[in-house]
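In what follows, a single structure is set out as structure tokens and then discussed.
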Protein chains: 2
Amino acid sequence: MENPKILLVDDEQDIIDLIRYNLEKADFEVHSASNGKEAIRIARKVQPDLILLDVMMPEMDGMETCIQIREQAELKNTLIAFLTARGEDYSQIAGFDAGADDYITKPIKPRVLVSRVNALLRRKASLTKPEKKKSAKGIMIDKDRYIVVKNGEELTLPKKEFELLSLLMSQPGRVFTRESILSSVWGNDVIVGDRTIDVHIRKLREKLGEHYFKTVKGVGYKFND
Amino acid sequence: MENPKILLVDDEQDIIDLIRYNLEKADFEVHSASNGKEAIRIARKVQPDLILLDVMMPEMDGMETCIQIREQAELKNTLIAFLTARGEDYSQIAGFDAGADDYITKPIKPRVLVSRVNALLRRKASLTKPEKKKSAKGIMIDKDRYIVVKNGEELTLPKKEFELLSLLMSQPGRVFTRESILSSVWGNDVIVGDRTIDVHIRKLREKLGEHYFKTVKGVGYKFND
DNA sequence: CATCAAGTTAAGTGAAAGTTAACATTTCCG
DNA sequence: CGGAAATGTTAACTTTCACTTAACTTGATG
């Protein structure tokens, strides 16, 4: 895996600088936000492995932010750790209620921070559960085995086709815009031509059947259910 | 069993001498290291039953060393106990997070140390169960005897090949990414070239048969079931 | 019926995997 | 101890095939 991504949320720039420095030294990819709203936006974009969240923040506090993050399906594998001043033990309890995975007390000791973060990420890795299988209308998709089963017949799709199908089947019936398809399957920074998606859709239609994939002109595609 | 092996890691020679004297008197085979890197090297070599690890060390501290040791598959049966100054209670928490099995507070009292070590080793002995045998499609793998049986024919595979096969067979059909293969078979800190996994896969294919190992381009490998 | 999004096709490209031999390292034995 | 054998890793080269593109066609829609 490339370096683990950490999103750091705190309204004090000093703290951000301190923590960022130490985490970057330990080879993490660090992103930061100074309030809850920004945090959620960035979290959705970069899909961090771990979010370090200050409890005390103006406007939307850490607790509220945590709850909102936990409501994002796409972030359910993200760990959340609270940064709390020692003695605010109420925060800790309420924090776990809000869906936090750990808390780290201030003042931050760099060494402790880094080993704590490492321990958390290790825990996350070992928790990697088998992926759930998605199925609809005679098609089942198994991410662990990287295969698609159509009426009992096993197919092995190439990576991009598999990911595209996964995406569309993640919410059958829902239309995914070309834009959102590009950003989930190809990534935000990759630039590919207009016809690339079409070609992949075509391959899926060839392999699985025309009718599963509905074109919504001017918008995108959806998996028919 | 011959005398239990203990690896002692501390940067202060005095402490090493003291502990070594007492442990040797109690009939243990004692090895020592004065820093984390050396510790890992020796641990891999002598496969100690127990590692006594000082928390406070220059360069790589005990916590970090512990984490790295825990990442070595071959050392997963090794016990790790921290040596910590009384009152550093943060260390204890973080230490268990890092994968420690016990901690012993300084200053060291020889009698306490020896009985603590004995207790730990007793615990270990009772925990070491015979490994389970895995089998699938005419191949059975016996971790205790370190052999692979293919249609009744016994093969002895070299370590890396054996571990790679073990991993893939631990969940037949499931795709393991190159990343996860590297981290379980080689360890997270070892850097080996891109083609190393391929070569080992090739050897397995040669010895066991092409069809058992399926390449999933851009993703990884799986054991075919 | 003009326009433009989407479909189709085949070919080109490049990244990932395969292969091989050589080199390095460790282990094994006489 | 010293040389041989086994193992692990790398480097260099080849092969493969997934992906993208370009160029063209189709067809929906206002």
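Letters A, B, ... mirror the listed sequences (proteins, then strands); counts begin at 1.
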For Lys159(A) and dT20(D), give me the distance from atom NZ to atom P, rounded to whole Å.
10 Å
Can you establish whether the number of heavy atoms outside Lys214(B) located under 6.0 Å from its atom NZ is more than 12?
no
What do the steps show when you test Thr78(A) against Leu7(A) for side-chain contact (heavy atoms from CB on, under 4.5 Å), and what is the final call?
CA-CA 10 Å; Thr78(A) 303; Leu7(A) 171 59; over 6 Å; no
How many Å lie between NZ on Lys160(A) and C1' on dT21(D), as a whole number?
15 Å
With a 4.0 Å limit, can you tell me whether Trp186(B) has a side-chain N or O closer than that to the phosphate oxygens OP1/OP2 of dG8(D)?
no
Can you confirm whether more than 12 heavy atoms, excluding those of Glu179(A), are under 6.0 Å from its CD atom?
no
Can you confirm whether or not the ring centre of Tyr212(B) sits under 6.0 Å from the ring centre of Phe223(B)?
yes
Would you say OH of Tyr21(B) has more than 12 non-hydrogen atoms from neighbouring residues, nucleotides or ligands within 6.0 angstrom?
no
Could you give the CD1-to-P distance, from Ile181(A) to dT20(D), as a whole number of Å?
13 Å
Closest to the 5' end of DNA chain D, once Leu157(B) and Val192(B) are matched to their nearest nucleotides, is Leu157(B)
Which pairs, protein N/O on one side and nucleotides 27-29 of chain D N/O on the other, fall under 3.5 Å?
| residue | atom | partner | partner atom | Å |
| --- | --- | --- | --- | --- |
| dG27(D) | N2 | Lys217(A) | NZ | 3.2 |

Minimum-distance pair of heavy atoms, taken over all atoms of Ile80(A) and Cys66(A)
CD1-SG, 3.9 Å
Which residues, if any, of residues 194-212 of chain A bring a heavy atom under 4.0 Å of DNA chain C?
Arg195(A), Asp198(A), Val199(A), Arg202(A), Arg205(A)
Distance check: side-chain N/O of Thr215(A) vs OP1/OP2 of dG7(C), anything under 4.0 Å?
yes
Nearest-Å distance, CD (Glu179(B)) to P (dA16(C))?
12 Å
Value in whole Å for how far the P atom of dA6(C) lies from CG of Leu182(A)
12 Å
Are Tyr221(B) and dA16(C) close enough that a side-chain N or O sits under 4.0 Å from OP1 or OP2?
no
Taking the side chain as everything from C-beta on, heavy atoms only, tell me whether Leu164(B) gets closer than 4.5 Å to Tyr221(B).
no
Rounded to whole angstrom units, what separation is found between the CG atom of Leu164(B) and the P atom of dT9(D)?
11 Å
Angle separating the five-pair end axes of the helix from dC1(C)-dG30(D) to dG30(C)-dC1(D), nearest 10°, is 30°
If the threshold is 4.0 Å, N to carboxylate O, is there a salt bridge linking Arg178(A) and Asp198(A)?
yes
Begin from the C-alpha positions of Leu113(B) and Ile19(B) and carry the test side-chain contact (heavy atoms from CB on, under 4.5 Å) through to its verdict.
CA-CA 8 Å; Leu113(B) 174 74; Ile19(B) 299 181; 3.6 Å; yes
Rounded to the Å, how far apart are Ile191(B) CD1 and dA11(D) C1'?
18 Å
In this structure, are over 12 heavy atoms from other groups packed under 6.0 Å from Lys207(B) atom NZ?
yes
Worked check of side-chain contact (heavy atoms from CB on, under 4.5 Å) between Val175(B) and Thr177(B)
CA-CA 6 Å; Val175(B) 179; Thr177(B) 63; 5.5 Å; no
